[in-house]
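Here is the structure we will look at, set down as structure tokens.
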Amino acid sequence: MKFGRYGQLLRQPGVGALLLIGMVARLPHAAVGMLLLLHLVNELDQDWGSAGLVVALMTIGIALGAPWRGHIVDMYGLRRALVPSVIAEVVVWSIVPQVSFTWVLPLVFLGGLFSLPVFSVVRTALGVMTTGDTRRAAFALDAMATEVVFIVGPAGAGIVAVSLDTTIGMTGIGIAASVAGLALMVLNPPTRTGQPGAVALRVNPHEERLGAEASLIAAGPGGLADVEGELIVAGAKSTKARIAARGRGFRHKFGWVSASVIAVLIAAAGAGLLISGTEVGILSLLDAHHSEGQLGIVVLFWCGASLLGGLLYGSLDRRISPIVLLLAMAVLTVPMAFATDTWSLALLSIAPGMVCAPVLSAASEWLTDLVAEKRRGEAMGWYGSALTGGTALGSPISGATVDLLGANTGFVMVGAIGTLICAVALTAQQVRRKRARGRVRVLVNES
């Protein structure tokens with residue numbers, strides 16, 4: 001890629017401001033999960049299993065809310081569509097730290113459901129403000145900014161929790177998210193062709209998928225919740241367009257699903273489980289050592305390693321199975337249980353972090369090759385659902401293990417589950433290949 005394209009992109013009116021506001025708007029969401037966990041455990045005296053369940057509910061809310069909020073942007077325009085999010089963000093996150101655990105559960109789900117749709121808005125706007133190579137540069141720049149956000153956000157959450165208070169932190173998150181929404185409304189970037197600032201036709205399902213994949217690959221350990229919603233949006237739009245064109249033919253709806261596609265979806269679910277489970281494990285271990293304020297050190301090493309691993313994987317000449325990469329990530333997560341302080345935890349997080357982005361990148365690449373282009377948007381939607389399922393399971397599983405067996409054991413549990421998933425998937429692949437070879441031999445002998 002020619003780096004001059006980035007300069008050309010940033011000189012285009014409105015693009016630099018959109019990228020900057022999008023980056024700042026993601027910061028509250030990058031910090032809220034960590035702050036919520038610390039608030040539940042330290043302020044409400046909840047166990048880690050219950051805290052993980054709450055974070056899972058928020059994740060599910062984000063993933064479920066993304067499609068219909070994207071539809072509202074399409075139907076009513078950006079400013080009207082953002083009003084519910086601007087109100088809900090400040091109301092929900094100001095109330096959550098003031099109520100009992102019973103009320104926290106529905107509130108965080110609503111917070112996720114009405115969370116500011118930053119990913120979808122920024123990605124859609126970039127799609128109509130840019131064209132060709134400039135559009136790819138815009139997607140890449142936005143993806144890199146996302147990775148930086150999910151390094152800084154959790155670090156800031158740990159500092160706020162220790163230096164100030166989780167109540168102040170979550171209230172501040174609600175206010176910041178609402179202000180970011182207002183800034184987007186003031187900027188009012190185009191989301192449809194024909195609007196001021198639009199230079200291209202509305203991004204098509206193929207471009208939606210490319211944008212979703214770019215976010216997925218760059219999200220690393222931190223940003224899966226928002227990216228899952230974007231993937232589901234891409235799938236929903238692709239499916240809607242195809243149904244409108246065909247009218248019927250639902251019996252062939254899942255004809256694109258094969259054993260190999262299922263293996264990729266398993267890899268996505270396993271990656272989500274490992275990442276969310278590791279997040280809870282990191283926070284619980286630091287909390288046990290009263291080192292929550294040093295969370296940023298661990299996140300920097302973990303997410304930074306993921307970004308480096310993604311860059312290295314992208315330079316390889318050959319592909320690696322996402323199941324094999326997931327197996328490596330699962331096995332390398334287990335040694336994090338032997339950490340005794342912040343720095344040993346940070347160093348032990350490098351190895352599994354290095355494999356994180358390659359797992360997501362490989363899975364996305366394999367899915368693209370395995371599924372026909374007319375079905376890829378739908379496949380990416382199911383990919384987002386698989387990620388959501390894995391992410392939602394990882395937090396409570398790791399938290400419950402920590403409650404039962406100690407702060408270090410969450411890594412062992414999610415690593416063991418990930419290893420078991422990979423072993424089953426690899427065994428099934430080998431059995432399928434042997435059967436296929438057997439059928440080939442029979443046909444050859446009969447002929």
Fill in: Val160/Ile168 under side chain to side chain contact (heavy atoms under 4.5 Å, CB included): CA gap, chis, key distance, verdict
CA-CA 8 Å; Val160 169; Ile168 296 174; 5.6 Å; no

Got [X] and [Y] here, is their nearest side-chain heavy-atom distance under 4.5 Å?
X      : Y      : value
Gln294 : Asp341 : no
Leu38  : Leu295 : no
Leu283 : Met34  : yes
Val32  : Met58  : yes

Item to complete: Determine, step by step, whether Leu27 and Ile173 satisfy the side chain to side chain contact (heavy atoms under 4.5 Å, CB included) criterion, reporting the C-alpha distance in whole Å, the side-chain angles of both residues, the deciding distance to 0.1 Å, and the verdict.
Response: CA-CA 9 Å; Leu27 276 170; Ile173 279 174; over 6 Å; no

Would you say the side-chain atoms of [X] pair up with the backbone N or O of [Y], donor to acceptor, closer than 3.5 Å?
X      : Y      : value
Thr409 : Thr401 : yes
Ser398 : Gly394 : no
Asp47  : Asp403 : no
Glu292 : Ala161 : no
Ser85  : Phe114 : yes
Ser284 : Gly281 : yes
Asn408 : Ala339 : yes

How many angstroms lie between atom [atom1] of [X] and atom [atom2] of [Y], to the nearest 0.5 angstrom?
X      : Y      : atom1 : atom2 : answer
Ser50  : Leu40  : OG    : CG    : 8.5 Å
Thr333 : Leu273 : OG1   : CG    : 10.0 Å
Ile297 : Trp343 : CD1   : CH2   : 4.5 Å
Ile21  : Met185 : CD1   : CE    : 12.5 Å
Leu274 : Ile421 : CG    : CD1   : 7.5 Å
Phe411 : Leu348 : CZ    : CG    : 9.0 Å

Worksheet entry | Criterion side chain to side chain contact (heavy atoms under 4.5 Å, CB included) on Thr166 and Asn42, from CA distance to verdict | CA-CA 9 Å; Thr166 55; Asn42 294 332; over 6 Å; no

Discussion item. With a 6.0 Å cut-off (strictly less than), is the heavy-atom count around CZ of Phe101, excluding the residue itself, greater than 12?
Written reply: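 Above 12, so yes.
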
Practice prompt. Tell me, yes or no, whether the heavy-atom count around Met413 atom CE, taken from other residues, nucleotides or ligands under 6.0 Å, exceeds 12.
Written response: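 Atom CE in Met413 is not packed in, count stays at 12 or less.
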
Practice prompt. Please name the pair of heavy atoms, one in Ala267 and one in Ile323, separated by the smallest distance, quoted to 0.1 Å.
Written response: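 Answer, listing the atom of Ala267 first, then Ile323: CB-CD1, 4.0 Å.
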
Discussion item. Looking at every heavy atom in both Leu57 and Phe109, which two are closest together, and how far apart are they?
Written reply: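 It is O-CD1, 3.5 Å.
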
Discussion item. Could you walk me through whether Thr391 and Ile275 satisfy the side chain to side chain contact (heavy atoms under 4.5 Å, CB included) test, starting with their C-alpha distance in whole Å, then the side-chain angles of each, then the deciding distance to 0.1 Å, before giving a yes or no?
Written reply: CA-CA 7 Å; Thr391 305; Ile275 291 169; over 6 Å; no

